[in-house]
*Asks:* 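This is the structure, below, for whatever I ask next.
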Amino acid sequence: MSQSTQNIYGGQAVIEGVMFAGRNANVTAVRRKNNEIIFYEVPRKTTPWIQNLKKIPIVRGVVAILESSAKGSQHLNFSMESYAEDELPADKDKEDVPGGKEEKKGWSLSMIVGVAVAGILSFVFGKLVFTVVPALIEQLIFGHAFKNIIVHNLIEGAIKILFLLSYLYFISLTPLIKRLFQYHGAEHKVISAYEAGAELTVDNVQGFTRLHYRCGSSFIVFSVLVGVIVYSFFHWDSLWERVYLRVLLLPVVLGFSYEALRFTNALRDLPVLRFLGYPGLWLQKLTTKEPTDDQVAVSIASFNRMLELDRQGVRS
């Protein structure tokens, strides 16, 4: 099956599992400590005004990122709860309720909305810190060294890259994050195998690369590079004006970065132009690790369940 006749799917790694986003439902598969694979399925709702925004270049990128942060946080929270339950002592993994029965707490609408909002706020806060702090550092160290704005922006971009690489390297040393990055690699391998038309077996999937052009890691690199270009069109006279402009232009940078990611993905099969996506692929050498067969099996289970719900036409 050629890629042109396929739906384009994406996903994300979660604690001990993988989430895939389908046309009709988002599905997470998580492997529990007893080796059982459990699923968390959320039907996708179609909101007309959001769908209309997704048709507008630049704007669609910001909408897609916020939507992904909101939905992804729900699935990540589910996986964290499952992981926490497995880590509890055996005599505390269930709650006693009146009447001598045991009850497992479910997800209410208010809880889902709360987690979604928290996911958006976490993304916005993280992006603001990643945007503002390098600008402050560059201004404090090099603010009076020269007046060329482009040079200042290039140094700021270099600080961002250094900050990002250091952060990813150190968190990857922790066992939990290392496993998360392995599941990230498993997610990429399954998508690559599907796009190549291969049968989704563990052996087949393991033969594909863990790097993928559409990964969010590539988006992070593009946001740094695009930021250098966008910020160069605006002059500042003070530190606070520089910070203010960074915050104000953040949606613009995110929107153009999203378009750049789509553009490089469309060109990835062209021998001369495919190098445009290489910086993102290089970063994925940090954000993905080679998965085990068991982790690939979880990723395949999640993807197959998502495809099954797509074929069934599940809607909320």
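Worth saying up front: this structure is predicted, and the values here are computed from it rather than measured. Every heavy atom of this structure was used, including side-chain atoms; hydrogens, water molecules and symmetry mates were not.
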*Asks:* Is there a donor-acceptor contact under 3.5 Å linking the side chains of Q182 and T292?
*Replies:* no
*Asks:* Let's go through L53 and V62 carefully: what are the C-alpha distance in whole Å and the side-chain angles of both, what is the deciding distance for side-chain contact (heavy atoms from CB on, under 4.5 Å) to 0.1 Å, and is it a yes or a no?
*Replies:* CA-CA 9 Å; L53 289 177; V62 178; over 6 Å; no
*Asks:* So, do L211 and K285 sit near enough that their side-chain heavy atoms are less than 4.5 Å apart?
*Replies:* yes
*Asks:* Does any non-hydrogen side-chain atom of Q295 lie less than 4.5 Å from one of K289?
*Replies:* no
*Asks:* So do the side chains of V151 and F142 get within less than 4.5 Å of each other, counting heavy atoms only?
*Replies:* no
*Asks:* Is any side-chain heavy atom of N26 closer than 4.5 Å to a side-chain heavy atom of F20?
*Replies:* no
*Asks:* Between K189 (side chain) and T209 (backbone), is there a donor-acceptor pair under 3.5 Å?
*Replies:* no
*Asks:* Is any side-chain N of the basic residue among R311 and E308 closer than 4.0 Å to the acidic one's carboxylate O?
*Replies:* no
*Asks:* Supply the atom-to-atom distance I177 CD1 to L173 CG, rounded to the nearest 0.5 angstrom.
*Replies:* 11.0 Å
*Asks:* Go through the steps for S82 and E16 under the test side-chain contact (heavy atoms from CB on, under 4.5 Å), then give the verdict.
*Replies:* CA-CA 9 Å; S82 300; E16 294 301 324; over 6 Å; no
*Asks:* Quick one: does any side-chain atom of D86 pair with a main-chain N or O of R32 as donor and acceptor, under 3.5 Å?
*Replies:* no
*Asks:* Give the minimum heavy-atom separation between R44 and A21, together with the two atoms involved.
*Replies:* NH1-CB, 4.1 Å
*Asks:* Quick check: closest heavy atoms across G157 and V224, and the distance to 0.1 Å?
*Replies:* O-CG1, 3.7 Å
*Asks:* Please find the pair of heavy atoms, one from V205 and one from A193, that lie closest to each other, and give the distance.
*Replies:* CG2-CB, 4.0 Å
*Asks:* Is there a donor-acceptor pair under 3.5 Å between the side chain of D310 and the backbone N or O of G22?
*Replies:* no
*Asks:* Just by distance, do the side chain of S79 and the backbone of L76 share a donor-acceptor pair under 3.5 Å?
*Replies:* yes
*Asks:* Check this for me: does any side-chain nitrogen of one of E67 and K54 sit under 4.0 Å from a carboxylate oxygen of the other?
*Replies:* yes
*Asks:* When you look at I300 and V296, which way does the side-chain contact (heavy atoms from CB on, under 4.5 Å) test go after all the steps?
*Replies:* CA-CA 6 Å; I300 292 173; V296 168; 3.8 Å; yes
*Asks:* Side chains of Y9 and F303, heavy atoms from C-beta outward: is any pair under 4.5 Å?
*Replies:* yes
*Asks:* Taking all non-hydrogen atoms of both residues, which atom of P279 and which atom of V221 are closest, and how far apart?
*Replies:* CB-CG1, 3.6 Å
*Asks:* Rounded to the nearest 0.5 Å, what separates atom CD1 in I37 from atom OG1 in T28?
*Replies:* 12.5 Å
*Asks:* Is F233 atom CZ crowded by more than 12 heavy atoms from other residues, nucleotides or ligands, each under 6.0 Å away?
*Replies:* no
*Asks:* Hey, could you give me the CD1/CD1 distance between I150 and I155, rounded to the nearest 0.5 Å?
*Replies:* 12.5 Å
*Asks:* Is F146 reachable from I137 through a run of hydrophobic residues whose side-chain heavy atoms are each under 4.5 Å from the next?
*Replies:* yes
*Asks:* Locate the shortest heavy-atom distance separating S172 from F181; write the atom from each residue and the value.
*Replies:* CB-CE1, 3.7 Å
*Asks:* Any side-chain heavy-atom pair from V30 and I15 closer than 4.5 angstrom?
*Replies:* no
*Asks:* Does the pair E36/R31 count as a salt bridge with the N-to-O cut at 4.0 Å?
*Replies:* no
*Asks:* If you group Ile, Leu, Val, Met, Phe, Trp and Tyr by side-chain heavy-atom gaps below 4.5 Å, do L164 and L180 land in one group?
*Replies:* yes
*Asks:* Ring centres of H75 and Y40 under 6.0 Å apart?
*Replies:* yes
*Asks:* Going by atom type alone, with no hydrogens or angles, which donor-acceptor pairs under 3.5 Å involve a side-chain atom of residues 254-262 and a protein atom two or more places apart or on another chain?
*Replies:*
{"unit_1": "S257", "atom_1": "OG", "unit_2": "S223", "atom_2": "N", "d": "3.4"}
{"unit_1": "S257", "atom_1": "OG", "unit_2": "V253", "atom_2": "O", "d": "2.6"}
{"unit_1": "E259", "atom_1": "OE1", "unit_2": "R60", "atom_2": "NH2", "d": "2.7"}
{"unit_1": "E259", "atom_1": "OE2", "unit_2": "I58", "atom_2": "N", "d": "3.1"}
{"unit_1": "E259", "atom_1": "OE2", "unit_2": "R60", "atom_2": "NE", "d": "2.8"}

*Asks:* With under 30° as parallel and over 60° as perpendicular, where do the rings of H188 and H212 fit, or are they tilted in between?
*Replies:* tilted
*Asks:* Any luck finding a side-chain donor-acceptor pair between Q206 and D293 under 3.5 Å?
*Replies:* yes
*Asks:* Honestly curious: do F219 and L66 fall in one hydrophobic cluster under the side-chain, below-4.5 Å linking rule?
*Replies:* yes
*Asks:* Using a distance-only test with no angle check, is there a side-chain donor-acceptor pair under 3.5 angstrom linking H184 and Q12?
*Replies:* no
*Asks:* Is there a donor-acceptor pair under 3.5 Å between the side chain of S302 and the backbone N or O of S299?
*Replies:* no
*Asks:* For the CG atom of L307 and the CG atom of N24, what is their distance to the nearest 0.5 Å?
*Replies:* 11.0 Å
*Asks:* Could you pull out every donor-acceptor pair under 3.5 Å between side chains of residues 241-249 and any protein atom, sequence neighbours left out?
*Replies:*
{"unit_1": "E241", "atom_1": "OE1", "unit_2": "D237", "atom_2": "N", "d": "3.0"}
{"unit_1": "R242", "atom_1": "NH1", "unit_2": "E138", "atom_2": "OE1", "d": "2.6"}
{"unit_1": "R242", "atom_1": "NH1", "unit_2": "Q139", "atom_2": "OE1", "d": "2.6"}
{"unit_1": "R242", "atom_1": "NH2", "unit_2": "E138", "atom_2": "OE1", "d": "3.0"}
{"unit_1": "R242", "atom_1": "NH2", "unit_2": "E156", "atom_2": "OE1", "d": "2.8"}
{"unit_1": "R246", "atom_1": "NE", "unit_2": "E156", "atom_2": "OE1", "d": "3.3"}
{"unit_1": "R246", "atom_1": "NE", "unit_2": "E156", "atom_2": "OE2", "d": "3.0"}
{"unit_1": "R246", "atom_1": "NH2", "unit_2": "N153", "atom_2": "OD1", "d": "3.0"}
{"unit_1": "R246", "atom_1": "NH2", "unit_2": "E156", "atom_2": "OE1", "d": "2.8"}

*Asks:* For the hydrophobic clusters of this structure (ILVMFWY residues joined by side-chain heavy atoms under 4.5 Å, transitively), does one cluster hold both I171 and V14?
*Replies:* yes
*Asks:* Give a yes or no answer on whether the side chain of S166 reaches the backbone of L162 with a donor-acceptor pair at less than 3.5 Å.
*Replies:* yes
*Asks:* Do M306 and M19 make a side-chain contact, defined as non-hydrogen atoms from C-beta onward lying under 4.5 Å apart?
*Replies:* no
*Asks:* Are any non-hydrogen side-chain atoms of D294 and V298 less than 4.5 angstrom apart?
*Replies:* no
*Asks:* What is the distance from atom CD1 of I8 to atom OH of Y194, rounded to the nearest 0.5 Å?
*Replies:* 10.0 Å
*Asks:* Identify the heavy atoms of L286 and L165 that sit nearest to each other, and give their distance.
*Replies:* CD1-CD2, 3.7 Å
*Asks:* Take I149 and Y231 through the side-chain contact (heavy atoms from CB on, under 4.5 Å) test and state the conclusion after the steps.
*Replies:* CA-CA 9 Å; I149 292 180; Y231 298 148; over 6 Å; no
*Asks:* Could you tell me whether a side-chain N or O of T288 sits under 3.5 Å from a main-chain N or O of G185, the two making a donor and an acceptor?
*Replies:* no
*Asks:* Kindly check if the number of other-residue, nucleotide or ligand heavy atoms within 6.0 Å of CZ (F39) is above 12?
*Replies:* yes
*Asks:* Out of curiosity, does L239 fall in the hydrophobic cluster containing V132 (side-chain heavy atoms, cut-off under 4.5 Å, transitive links)?
*Replies:* yes
